[in-house]
Amino acid sequence: MFKDKVDEAIIGYLTEDSRESFVDIGKKLKLSESAVRRRVKNLVDSGTIKKFTVDLGGANTTSALVLVSVDSATDTSKVSLKLAKLNGVRTVYEITGQYDITTIITAQSITAINSSIDALRKIPGVTDTNTVIILRRIL
């Protein structure tokens with residue numbers, strides 16, 4: 001979690017624009033560039049920030065929510081790690097209910113999403129999937 005309000009503010013700025021410079025963030029928070037850099041490094045090292053990504057925007061991409069069932073004899077966390085490495089996979093959640101994992105896949109086309117889903121289905125332990133194409137993002 002966040003260490004303090006300053007870390008929370010830094011994460012807020014990076015969430016809005018991950019390319020915002022440490023100098024600009026520092027000016028907003030009345031901190032030096034090196035102080036912001038050190039805090040971001042600590043947030044990355046602690047696992048609070050897992051990765052920096054590129055959002056291509058809704059106009060040029062297609063996304064799908066894929067619900068995944070895993071064989072009861074298979075370690076779900078191992079399947080999750082394999083899913084996270086697939087092309088197009090943006091997010092992986094282990095969940096409760098009828099399915100064990102849900103993932104969000106983003107690609108330039110339905111064809112590319114379908115390729116990712118085909119690869120997902122070949123992972124040992126995956127027994128069933130249910131795919132929902134996302135039509136529009138509201139928030």
Under a 3.5 Å distance rule, please check whether [X] uses its side chain to pair with a backbone N or O of [Y] as donor and acceptor.
X   : Y   : result
T48 : V44 : no
T15 : I11 : yes
K50 : G47 : yes

Is there a path of hydrophobic side-chain contacts, each under 4.5 Å between heavy atoms of I/L/V/M/F/W/Y residues, joining I49 to I25?
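Linked, I25 and I49 end up in one cluster.
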
Under 4.5 Å between side-chain heavy atoms, counting indirect links through other Ile/Leu/Val/Met/Phe/Trp/Tyr residues: same cluster for I113 and Y99 or not?
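No.
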
I need the [X] [atom1] to [Y] [atom2] distance, nearest 0.5 Å.
X    : Y    : atom1 : atom2 : result
S21  : D24  : OG    : CG    : 3.0 Å
D118 : N114 : CG    : CG    : 4.5 Å
L43  : D7   : CG    : CG    : 4.5 Å

Under 3.5 Å, which donor-acceptor pairs do the side chains of residues 125-136 form with other protein atoms, sequence neighbours left out?
from : atom 1 : to   : atom 2 : distance (Å)
T127 : OG1    : S69  : O      : 3.3
T129 : OG1    : R121 : NE     : 2.9
T129 : OG1    : R121 : NH2    : 3.1

When you look at V70 and I101, which way does the side-chain contact (heavy atoms from CB on, under 4.5 Å) test go after all the steps?
CA-CA 8 Å; V70 177; I101 300 169; 3.7 Å; yes

Using side chain to side chain contact (heavy atoms under 4.5 Å, CB included) as the criterion, list what pairs up with [X], not counting sequence neighbours.
X    : value
V6   : D4, I10, L29, L31, R39
A119 : L86
S116 : I105
K28  : Y13, E20

Applying the side chain to side chain contact (heavy atoms under 4.5 Å, CB included) criterion to S77, which one of D75, T74, V79 satisfies it?
D75

Checking L83, V66, I104 against V92 for side chain to side chain contact (heavy atoms under 4.5 Å, CB included), the one that qualifies is L83

Minimum heavy-atom distance between F22 and V36, given as atom pair plus value:
CD2-CG1, 3.7 Å

At their closest point, which heavy atom of R90 faces which heavy atom of K51, and how far apart are they?
O-NZ, 3.3 Å

Using side-chain contact (heavy atoms from CB on, under 4.5 Å), reason through V68 and T102 one step at a time and then give a plain yes or no.
CA-CA 6 Å; V68 180; T102 188; over 6 Å; no

Taking salt bridge (Lys or Arg N to Asp or Glu O under 4.0 Å) as the test, write out the residues that go with D17, two or more places apart.
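None.
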
Could you go step by step and tell me if E94 and T76 meet the side chain to side chain donor-acceptor pair (under 3.5 Å) rule?
CA-CA 8 Å; E94 291 183 12; T76 302; 5.8 Å; no

Carefully, step by step, assess T61 and T106 under the rule side chain to side chain donor-acceptor pair (under 3.5 Å).
CA-CA 7 Å; T61 61; T106 302; 5.8 Å; no

For K41, is there an ion pair with D45 - N to carboxylate O distance below 4.0 angstrom?
yes

